Amino acid sequence: MTTSQLKQQDIPQMGLARLAQRLALWTQKWFPDAYIFALAGVILVAVAALAIGASPKAVVDSFGTGFWDLTAFTLQMAMVVLTGYVVATSPPVARLIDRLAQIPGSARSAVSLVAMLAMSVSFANWGLSLVFGGLLARAIARRKDLAVDYRALGAAAFMGLGAVWALGLSSSAAQLQATKASIPAALLKTTGVLDYGTTIFTWQSLLTLAVLMLLTTVIAHFSAPTGSGIRTAADLGVDLDDRPEVSEPRSRPGEWLEYSRVLPMLVGVLALGWLVSQLLTLPILSVVSSLNGYLLVFLVLGLVLHGTPRRFLQAVTKAVPSTAGILVQFPLYAAMAAILTKATGAGGLSVSEHLAHFFTSIGGNGAFTVIIAIYTAILGIFVPSGGGKWLVEAPYVMQSATDVHMNLGWTVQIYNIAEALPNLVNPFFMLPLLAVLKLRARDLVGFTFLQFLFHLPVVLLLVWLLGMTFEFVPPVIPN
């Protein structure tokens, strides 16, 4: 660490900026790698199963057989990151990012702009939000006329996923519940199909989104270090050179199509035709709820925006390292889910079934919504997978909601609202962003943890108050 950096750490800051600085310094020293959280989660869940009387054989068998249960979902989540990266690094989007980077006139307005834009983009696609926000942070950091704390910029870029991602169109739980083919048979009998009209697009959910976006932007603004307390990308030793790789000139006739826009445009026409066909034959909410449809559109959009197959493949090559954390950690989350649901103990009950009985015993008052939110946040620290964790939680949470006559669509949204909270503590989903920023999780978590301290009470208040505006609607089981 340089003398300049040491001096910067000693500069006192005021208010939220001072608290953010202290948290950042603490996490830089003590915070472990995201993979450690996943490993610790497996051990914790295994101990819980043993504690309820499950045999060691049942625990290890559940671990081994469940390890690959989320293989398809792992690929889908990796593709969300990859397609978001490819779209965000395309020339048209890169030019837009460079223009946006010139807007802020102060360090704090730069941080709040990144936070607001990251959350806005996240409503459409959380993977795109991570990369878009990261590239915008880097573009602002390259400005010679404006010194901005690079850690605060990076934390602001994470707010699309750290604050509101599950309230947007790419919410894994909402997408799953809106698609009959994706809902496990046992869960379908409990919940039926819940389209976005009962979840994402309720006025209660949209109001929650607006409140959290405003709160997050304000905190990002006032927690950003100023003056000599700023640590720039240069102070952190980060290279900000984002000049696009120049394609090698064609050297043989067979490479003509690699540099041609013909094939990308034709594939783009096919994708557009498919999308129009879907919109004409299916309910709009069903179309926008399809995760596979999302991935198809964003992948082809990236191809078209890059123009040629050669530039597209170069972008994909750069995007692949950002998926590494998902590929090696999701199997651990699948194993955790299997232990929770399959390793049975006394009375033939699993850990998840014990939890279901607990939630049902709470009753249908405001305590139910608050306890569900708290439980979701705690479990999310160890299983940070919106869709994978929903498959673990949904059977007992939704059954409990039905038993106490809690609105099922709002129960999904309670999960979605609380699902973002652990992202502010567990750095797992920071991994793609960190690859773009060339930082470590410990550089950002001090700022994101400050957001968590404010978000937690607001989230609990919102799920409780807004939950009282709903009525119970029996599940609709499609033919």
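Quick caveat, the model's predicted, so the values are computed rather than measured.
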Counting C-beta onward and ignoring hydrogens, is there a side-chain heavy-atom pair between [X] and [Y] closer than 4.5 Å?
| X | Y | value |
| --- | --- | --- |
| Ile219 | Leu215 | yes |
| Val370 | Ile374 | yes |
| Ile417 | Leu167 | yes |
| Arg143 | Gln102 | yes |
| Val458 | Val211 | yes |
| Leu465 | Met468 | yes |
| Asn416 | Thr199 | no |
| Tyr150 | Ile230 | no |

Completion exercise
Given the options Leu461, Leu207, Thr369, Leu466 meets side chain to side chain contact (heavy atoms under 4.5 Å, CB included) only with Leu207

If we count only N and O atoms by modelled type, under 3.5 Å, do the side chains of [X] and [Y] hold a donor and an acceptor together?
| X | Y | result |
| --- | --- | --- |
| Thr308 | Glu258 | no |
| Gln413 | Thr202 | no |
| Gln177 | Trp390 | yes |

Pairwise distance [atom1]([X]) to [atom2]([Y]) - rounded to 0.5 angstrom:
| X | Y | atom1 | atom2 | value |
| --- | --- | --- | --- | --- |
| Arg151 | Leu444 | CZ | CG | 9.5 Å |
| Phe312 | Thr317 | CZ | OG1 | 10.0 Å |
| Leu82 | Leu75 | CG | CG | 10.0 Å |
| Met159 | Leu117 | CE | CG | 14.0 Å |
| Asn423 | Trp126 | CG | CH2 | 9.0 Å |
| Thr208 | Trp203 | OG1 | CH2 | 8.5 Å |

Handout entry: From CA spacing to verdict: side-chain contact (heavy atoms from CB on, under 4.5 Å), Leu456, Leu421
Key = CA-CA 7 Å; Leu456 179 60; Leu421 290 173; 3.9 Å; yes

Mind listing the closest non-hydrogen atom pair of [X] and [Y] along with its distance?
| X | Y | result |
| --- | --- | --- |
| Ala78 | Thr323 | O-CG2, 3.5 Å |
| Ala139 | Ala101 | CB-CB, 3.6 Å |
| Leu450 | Ser223 | CD2-CB, 3.4 Å |
| Pro309 | Leu303 | CA-CD1, 4.5 Å |
| Ala155 | Phe447 | CB-CB, 3.5 Å |
| Leu146 | Pro104 | CD2-O, 4.1 Å |

Handout entry: Test log, rule side-chain contact (heavy atoms from CB on, under 4.5 Å), inputs Val238 and Leu437
Key = CA-CA 8 Å; Val238 176; Leu437 295 172; over 6 Å; no

Practice task
Decide yes or no on side-chain contact (heavy atoms from CB on, under 4.5 Å) for Val425 and Val445, but give the supporting numbers first.
Solution key: CA-CA 7 Å; Val425 180; Val445 172; 5.9 Å; no

Practice task
Go through Leu212 and Val459 one step at a time and tell me if the side-chain contact (heavy atoms from CB on, under 4.5 Å) criterion holds.
Solution key: CA-CA 8 Å; Leu212 292 179; Val459 162; 4.2 Å; yes

Is it true that a side-chain atom of [X] and a backbone atom of [Y] form a donor plus acceptor pair closer than 3.5 Å?
| X | Y | result |
| --- | --- | --- |
| Arg231 | Asp149 | no |
| Thr411 | Asn407 | yes |
| Arg310 | Tyr259 | no |
| Ser90 | Leu305 | no |
| Ser171 | Gly168 | no |
| Thr216 | Met213 | no |
| His306 | Val86 | yes |

Handout entry: SB check Asp98 Arg138 (cutoff 4.0 Å)
Key = no

Exercise for the section: Output yes when Arg440 and Asp443 qualify as a salt bridge under the 4.0 Å nitrogen-oxygen rule, no when they do not. Expected result: yes

